[in-house]
Structure formats: C-alpha cells, structure tokens
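Scroll down for the structure; my scribbles are underneath it.
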Amino acid sequence: MAGERLTREYFARSVHEIAPELIGATLLFGGVGGVIVEVEAYDQDDPASHSFRGPTARTAAMFGPPGHAYVYRSYGVHWCLNLVCSPGERAEAALVRALEPTHGLEAMRERRGVEAARALCSGPGKLCQALGITRAQDGLPLDEPPFELLARESEPALAVGTRIGITRAVEQPWRYGFAGSPFLSRRF
DNA sequence: CAGTGGATGCTCT
DNA sequence: GAGCATCCACTGT
C-alpha cells in the first residue's frame with residue numbers, strides 16, 4: 001500500500017500536479033494516520049487561497065520551502081493541515097481534508113472521542129484532532145519524523161469536484177478524492 | 001435526511 | 001469589527 005517517502009524535492013512543483021497524486025498516499029504523524037482520500041489545491045492566484053494577498057505572519061510557512069507543513073486555525077476551533085507545494089517562487093498548498101485511518105486507530109478514538117472509523121478523519125479539522133496536529137507543527141518538514149509521507153503504489157480511481165467551505169472562486173474544480181471511499185468529508 | 005445556528009480565536013481591514 | 005479552507009447539536013420533515 002505504501003511506497004517510497006515523498007521528499008521536499010517532490011513538492012517543488014505545481015500543486016495542480018501534486019494534489020491529484022496525493023490521493024492514495026499515506027500520511028502519518030507520530031505513527032498515527034492513514035491513506036489520504038481527499039485534498040484541495042490552493043494556488044497564489046486563487047482568491048480563496050491564504051497566499052493570495054501575499055505573505056503574513058500566519059501564512060509564513062506557505063511562503064517557505066515546499067515539502068513542509070502549513071497549519072492554521074479554522075473558525076477559532078479547529079486546526080487544518082496543508083502540504084506546501086511550490087513551483088519556483090509561487091506559494092501553493094494542498095489542504096488535506098480526509099484520511100482513511102489505518103495506523104493508530106485507538107489513539108485517534110481517544111483524541112476524537114468517537115468510535116466509528118469513518119468519523120475519525122473525515123474532515124480537515126477532524127484529522128488534525130485525530131493525529132494531534134496543532135500550530136506546533138506549522139513549518140515542520142514532511143520528510144522527517146514525526147511526519148512520514150509515503151507515495152501510493154497504485155493509482156486509485158479519482159473523483160474531482162468543487163471545493164468545500166469557501167466563498168470565493170467557488171467554481172474551481174480543485175477538490176480531489178478517492179472515488180467511492182466511505183472516508184470522505186462529503187460525497188462528490 | 002436537510003437545513004440552521006452557535007462556539008470560538010485569531011488575522012487582517 | 002468582520003469574516004473565516006469547521007464541526008456538532010439541534011430542529012423539522
């Protein structure tokens with residue numbers, strides 16, 4: 001299921017190439033995690049992207065080197081994890097929206113306070129809570145512990161749709177998913 | 001099921 | 001001071 005490690009060099013390309021390839025990859029944090037089944041792409045010319053208006057204190061990691069984490073707080077309550085991509089000088093990122101839990105299910109259940117496997121990581125806020133990811137991981141490299149990111153070994157059936165929870169550039173088809181997975185945040 | 005609204009904190013205008 | 005890349009509980013079918 002899990003292939004070779006995705007290095008920071010891997011992320012030195014456009015998010016529009018990388019995001020669909022991430023479906024089926026394995027993401028672990030401290031040995032806990034699973035298979036990425038849903039991501040969204042955000043580029044710098046995108047009004048919905050945090051990098052659209054240029055660098056700020058919050059978005060510094062998104063303007064940093066690719067292959068690192070960009071973690072931000074959402075609605076004052078949740079954390080959301082992005083994988084920073086960059087073709088040259090552009091600040092782009094893939095928002096990890098859902099995992100199929102495969103490693104450390106009991107740790108996830110404790111942190112989430114729910115039992116059902118499909119409720120553990122079926123949303124960007126949920127998966128950060130399940131894995132224990134917070135602002136403390138903002139800017140950390142993805143190719144070193146406690147992160148572990150492994151390429152997929154086979155190509156899954158890909159679902160494509162519009163992004164969720166945004167108010168600008170709503171029509172861009174930059175949401176990618178593992179077609180038919182029961183672990184998505186929403187059906188396509 | 002579908003739709004609504006509250007919680008909550010921080011960033012940027 | 002508004003608005004937000006969310007989640008959950010609650011309502012009404």
Side-chain angles (χ1 to χ4, degrees), chain A residues 11 14-23 25 27 29 33-34 36-64 66 68-86 90-101 107-140 142 159-178 181-188:
Chain A
F11 288 93
S14 166
V15 69
H16 299 297
E17 288 180 38
I18 296 169
E21 293 177 8
L22 290 173
I23 301 302
L27 170 68
F29 178 72
I36 296 174
V37 296
E38 182 180 343
V39 302
E40 287 177 356
Y42 290 85
D43 73 33
Q44 200 167 348
D45 300 315
D46 171 10
S49 172
H50 290 177
S51 60
F52 181 65
R53 294 171 187 276
T56 66
R58 174 180 63 147
T59 62
M62 195 167 167
F63 286 85
H68 291 242
Y70 164 49
V71 182
Y72 69 92
R73 198 193 267 286
S74 177
Y75 289 89
V77 184
H78 303 103
W79 299 103
C80 293
L81 171 68
N82 290 258
L83 313 184
V84 176
C85 305
S86 181
R90 309 303 285 171
E92 307 181 343
L95 171 68
V96 185
R97 288 193 53 90
L99 304 178
E100 174 179 347
M108 295 191 207
R109 289 191 173 102
E110 278 189 30
R111 294 192 185 116
R112 291 274 301 122
V114 295
E115 287 297 314
R118 71 185 59 190
L120 294 175
C121 296
S122 52
K126 294 179 185 179
L127 75 89
C128 281
Q129 184 181 27
L131 271 58
I133 291 173
T134 70
R135 162 144 284 176
Q137 281 71 50
D138 188 37
L140 290 189
L142 299 168
V160 181
T162 53
R163 296 175 293 181
I164 293 177
I166 56 173
T167 56
R168 294 173 300 236
V170 169
E171 70 286 356
Q172 297 293 352
W174 290 343
R175 174 177 179 233
Y176 302 97
F178 200 124
S181 171
F183 300 96
L184 300 170
S185 69
R186 284 178 48 180
R187 303 198 91 89
F188 277 74

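Just so we're on the same page: letters track the sequence lines, and every chain starts at 1. All of these numbers come straight from a predicted model, not from anything done at the bench.
In the set B/dC10, C/dC7, B/dA7, B/dC10 carries the atom at the smallest distance from any side-chain atom of A/R73. The side chain of A/R53 has B/dT13 as its nearest neighbour among C/dT6, C/dA5, B/dT13. Closest to the side chain of A/V77, from the set B/dA7, C/dC4, B/dC12, is B/dA7. Each of B/dC12, C/dT6, C/dA5 was ranked by its minimum atom distance to the side chain of A/Y42; first place goes to C/dA5.
When all heavy atoms of A/L22 and A/V39 are compared, the closest pair comes out as CB-CG1, 4.4 Å. Between A/P173 and A/Y176 the shortest heavy-atom distance is O-OH, 4.0 Å.
OP1 or OP2 of C/dC4 sits under 4.0 Å from a side-chain N or O of A/T167. Not one side-chain nitrogen or oxygen of A/R112 sits closer than 4.0 Å to the OP1 or OP2 atom of C/dC7. For the pair A/R135 and B/dT11, the criterion of a side-chain N or O lying under 4.0 Å from OP1 or OP2 is met.
Atoms CD1 (A/I164) and P (C/dT6) sit 8 Å apart, rounded to a whole Å. What separates CZ of A/F52 from C1' of B/dT11 is a distance of 17 Å, to the nearest Å. A/K126 has its NZ atom 7 Å from the C1' atom of C/dC7, to the nearest Å. Across the protein-nucleic acid pair, A/H78 atom NE2 and B/dG6 atom C1' stand 12 Å apart, rounded to whole Å. When rounded to the nearest whole Å, the span between CG of A/L81 and C1' of C/dA5 equals 12 Å. Put simply, CD on A/Q129 is 11 Å from C1' on C/dT6, counting in whole angstrom units. Rounded to an integer number of Å, the gap from A/Y75 OH to B/dT11 C1' is 14 Å. In this structure, A/L120 places its CG atom 19 Å from P of C/dT6, rounding to the nearest Å.
Under the Watson-Crick and G-U wobble criteria, each requiring two contacts below 3.5 Å, nucleotide B/dC1 is paired to C/dG12. Base pairing of B/dT8 is not made with any nucleotide, judged by Watson-Crick or G-U wobble geometry with both donor-acceptor distances under 3.5 Å.
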(message) Apply side chain to side chain donor-acceptor pair (under 3.5 Å) to residues A/R112 and A/Q129 and explain how you reach the verdict.
(response) CA-CA 6 Å; A/R112 291 274 301 122; A/Q129 184 181 27; 2.7 Å; yes
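A donor-acceptor pair under 3.5 Å links the side-chain atoms of A/E92 to the main chain of A/V15, judged by distance alone.
A/R97 comes within contact range of the sugar-phosphate backbone alone, with a heavy-atom separation under 4.0 Å but no base atom that close. Heavy atoms of A/G125 sit under 4.0 angstrom from primed sugar atoms or phosphate atoms, though from no base atom.
A tilted orientation is assigned to the rings of A/H16 and A/W174, their planes being inclined by 30° to 60°.
Heavy-atom contacts from other residues, nucleotides or ligands closer than 6.0 Å to CD of A/E171 number more than 12.
Below the 3.5 angstrom threshold, one finds a donor paired with an acceptor across the side chain of A/Y72 and the base of C/dA5.
When each of A/A119 and A/S51 is assigned the nucleotide of DNA chain C bearing its nearest heavy atom, the one mapping closer to the 5' terminus is A/S51.
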